Amino acid sequence: MVYLRRAAAALLATASALLSATPTASATPSPVLARESFDRLPLGPAAQGRDWTSDTSDGTLTVTRASTGHGRELRIRTKGNGRAFLVFGHLAPPGNSFWARMRLRVDAFPTAPDWAHWTLAEASGPDSPTLVRPLGGQYVPTEKRNFYGVGSDLGPTGDWTAWKTSAPARAGKWQCVEFHLDATDNRVTVYFDGVPQPDLTVSTDRHGGTADPFVFPTFDKLKLGWQLYQSDPSPSSYDVRLDDIALSTRRVGGCAA
């Protein structure tokens, strides 16, 4: 009996200590900054989701049944040089660096006017006018094709899109696209279907603008969608599909074939 009393007392003391102890470390924060699969949104016109709002002009956002037959996706439609974007407007990535992943399909790219310029992703911040465009491209009349390129505007390096013939933009094809904004050297890296695209990499002193350094703003906003900048383009309207969007402090993955 004495032994049992002592054992019970020891257990009680241990339980009390565990209940009153202060945790020595907080839980590790989630690396995910935002997600959107559109599966929880109602079918029809869309103006906002859990982590995003919208920015449109001559453009619409519509949640539709997925063309793959599973779940839902977002249809973006613009007319002329309109725009339609999801806006993730409350970002605060640690170290001013983050990854993005999305599934993307563009039904058709412009074939006129010459050098027609389009954007699919644009990151910005309140402390600088610089717009960072980690995913966009241009119609190149000498090649009669569109090519992907990383770009920027309104900053000291000027308005540029560093398109590469090694990165042709293919219409009517789903692609899993990733990009990484790394503030340690203002580096943008791009991946298609899990494969790195080194020709599209830009950084502080290696980019497509003036001789000035390319420097990121303090990011608080990312726009994903479509904008074409020239008037009277051909075709006169554009359809883009987006799905499986994830923004994170670490590479999300899931793009490998």
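All figures in this text were calculated on a predicted structure; none of them were measured in a lab.
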Could you check whether [X] pairs with [Y] (Lys NZ or Arg NE/NH1/NH2 to Asp/Glu carboxylate O, under 4.0 Å)?
{"X": "Arg103", "Y": "Asp243", "answer": "yes"}
{"X": "Arg133", "Y": "Glu122", "answer": "yes"}
{"X": "Arg72", "Y": "Asp39", "answer": "no"}
{"X": "Arg105", "Y": "Asp107", "answer": "yes"}
{"X": "Asp51", "Y": "Arg35", "answer": "no"}

Whether the Arg145 and Thr165 side chains hold a donor-acceptor pair (N or O, under 3.5 Å, no angle test) is what I'd like checked.
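No, because no side-chain N or O of Arg145 sits under 3.5 Å from a partner of the opposite role on Thr165.
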Are a donor atom and an acceptor atom from the side chains of Ser54 and Thr56 found within less than 3.5 Å of each other?
no
Could you tell me whether the side chain of [Y] reaches within less than 4.5 Å of the side chain of [X], counting heavy atoms only?
{"X": "Glu178", "Y": "Arg251", "answer": "yes"}
{"X": "Pro233", "Y": "Tyr139", "answer": "no"}
{"X": "Asn146", "Y": "Pro110", "answer": "yes"}
{"X": "Val177", "Y": "Phe192", "answer": "yes"}

Under the 3.5 angstrom rule, does the side chain of [X] hit a backbone N or O of [Y] as a donor-acceptor pair?
{"X": "Ser30", "Y": "Val32", "value": "yes"}
{"X": "Asn96", "Y": "Pro217", "value": "yes"}
{"X": "Arg101", "Y": "Asp244", "value": "yes"}
{"X": "Thr249", "Y": "Pro93", "value": "no"}
{"X": "Asp193", "Y": "Cys176", "value": "yes"}
{"X": "Thr78", "Y": "Gly59", "value": "no"}
{"X": "Thr130", "Y": "Ser128", "value": "no"}

Show the nearest heavy-atom pair for residues [X] and [Y], with the distance to one decimal.
{"X": "Ala84", "Y": "Ile76", "answer": "CB-CG2, 3.6 Å"}
{"X": "Glu36", "Y": "Gly49", "answer": "OE1-CA, 4.2 Å"}
{"X": "Pro113", "Y": "Ser231", "answer": "CD-O, 4.3 Å"}
{"X": "Glu73", "Y": "Ala66", "answer": "OE1-CA, 3.3 Å"}
{"X": "Cys255", "Y": "Gly194", "answer": "CB-N, 3.5 Å"}
{"X": "Ala116", "Y": "Leu228", "answer": "CB-CD1, 4.2 Å"}

Could you check whether the rings of Phe219 and Phe216 sit parallel, tilted or perpendicular, using 30° and 60° as the cut-offs?
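The arrangement is tilted - the two ring planes meet at 30° to 60°.
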Can you label the angle between the Phe109 ring and the Tyr148 ring as parallel, tilted or perpendicular, going by 30° and 60°?
perpendicular
Stepwise side chain to side chain contact (heavy atoms under 4.5 Å, CB included) check, Leu120 with Trp226:
CA-CA 5 Å; Leu120 289 158; Trp226 175 267; 3.7 Å; yes
Say you draw a straight line from [atom1] of [X] to [atom2] of [Y]; how long is it, rounded to the nearest 0.5 Å?
{"X": "Arg187", "Y": "Thr201", "atom1": "CZ", "atom2": "OG1", "value": "6.5 Å"}
{"X": "Thr218", "Y": "Leu91", "atom1": "OG1", "atom2": "CG", "value": "12.5 Å"}
{"X": "Lys223", "Y": "Arg83", "atom1": "NZ", "atom2": "CZ", "value": "6.0 Å"}
{"X": "Trp160", "Y": "Gln138", "atom1": "CH2", "atom2": "CD", "value": "12.5 Å"}
{"X": "Trp115", "Y": "Gln230", "atom1": "CH2", "atom2": "CD", "value": "12.0 Å"}
{"X": "Leu200", "Y": "Lys164", "atom1": "CG", "atom2": "NZ", "value": "8.0 Å"}

When you look at Thr64 and Arg241, which way does the side-chain hydrogen bond (donor to acceptor under 3.5 Å, both in side chains) test go after all the steps?
CA-CA 10 Å; Thr64 67; Arg241 303 278 179 154; 3.0 Å; yes
Before giving the answer on side chain to side chain contact (heavy atoms under 4.5 Å, CB included), spell out for Leu33 and Phe88 the whole-Å C-alpha distance, their side-chain angles and the decisive distance to 0.1 Å.
CA-CA 10 Å; Leu33 302 173; Phe88 295 88; over 6 Å; no
Say whether [X] and [Y] are linked into one hydrophobic cluster, either directly or through other cluster members, by side-chain heavy-atom distances under 4.5 angstrom.
{"X": "Trp99", "Y": "Met102", "answer": "no"}
{"X": "Tyr191", "Y": "Val150", "answer": "no"}
{"X": "Val132", "Y": "Leu135", "answer": "yes"}
{"X": "Phe38", "Y": "Val87", "answer": "no"}
{"X": "Leu61", "Y": "Leu224", "answer": "yes"}

Determine the sole option in Asp185, Thr184, Asn186 for which the side chain to side chain donor-acceptor pair (under 3.5 Å) test with Thr204 is passed.
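Only one option passes, and that is Asn186.
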Let's go through His207 and Ser152 carefully: what are the C-alpha distance in whole Å and the side-chain angles of both, what is the deciding distance for side chain to side chain contact (heavy atoms under 4.5 Å, CB included) to 0.1 Å, and is it a yes or a no?
CA-CA 9 Å; His207 51 80; Ser152 183; over 6 Å; no
Pair Asp239-Arg75, salt bridge (charged side-chain N to carboxylate O under 4.0 Å, His left out): steps then yes or no
CA-CA 7 Å; Asp239 283 280; Arg75 177 188 180 189; 2.9 Å; yes
